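Since the structure comes first, as structure tokens, the remarks are kept for the end.
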Amino acid sequence: MAHIAIIGAGLGGLPTAYELRHLLPPHHQITLISDSPTFTFIPSLPWVALGFKPLESINFP
Ligand SMILES: Cc1cc2nc3c(=O)[nH]c(=O)nc-3n(C[C@H](O)[C@H](O)[C@H](O)COP(=O)(O)OP(=O)(O)OC[C@H]3O[C@@H](n4cnc5c(N)ncnc54)[C@H](O)[C@@H]3O)c2cc1C
């Protein structure tokens, strides 16, 4: 069994974790480590800054 640790749950880390979970057999363990309890979709931050979107719409646990 492999235990894969992904450090950083941003635009690179979060999709990588989901993709590996999808591709690998279930006996392999994947741990996603973040310094933040929430994910923010960074490319949409300008829309929040300009008032076109609320922060909650691009943020999730
Ligand atoms: C305003 C803005 C708009 C953008 N628009 C686009 C766009 O339209 N298209 C595009 O392709 N790119 C865009 N980008 C660039 C894109 O957001 C970055 O290329 C992308 O986020 C990089 O992904 P990453 O996973 O390397 O880093 P990040 O997404 O920054 O993720 C790094 C993660 O690591 C975490 N972390 C940091 N230190 C630690 C630690 N010590 N322990 C645990 N976790 C840690 C952080 O909290 C963060 O969640 C934009 C960037 C900005 C700022």
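Counting starts at 1 for both ligands and their atoms, following the listed order. Here the structure is a predicted model, which is why all the values come from computation and not from measurement.
Of the listed residues (L14, L11, V48), just one forms a side chain to side chain contact (heavy atoms under 4.5 Å, CB included) with F41, and that residue is L11.
Residues H3 and T31 come closest through the heavy atom pair NE2-OG1, 2.6 Å. The shortest non-hydrogen separation linking G12 to T16 is O-OG1, 2.6 Å. Nearest heavy atoms, R21 versus Q29: NH1-CA, 4.5 Å. Taking all atoms of both residues into account, the shortest heavy-atom contact from I58 to K53 is CG2-CD, 4.2 Å.
Within a 6.0 Å sphere centred on NE2 of H22, other residues, nucleotides and ligands contribute 12 heavy atoms or fewer.
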Output block, N or O contacts of ligand 1, threshold 3.5 Å exclusive:
unit_1: ligand 1; atom_1: 25 (O); unit_2: G12; atom_2: N; d: 2.7
unit_1: ligand 1; atom_1: 29 (O); unit_2: L11; atom_2: N; d: 3.0
unit_1: ligand 1; atom_1: 36 (N); unit_2: D35; atom_2: OD1; d: 3.4
unit_1: ligand 1; atom_1: 44 (N); unit_2: D35; atom_2: N; d: 3.2
unit_1: ligand 1; atom_1: 47 (O); unit_2: D35; atom_2: OD1; d: 2.5

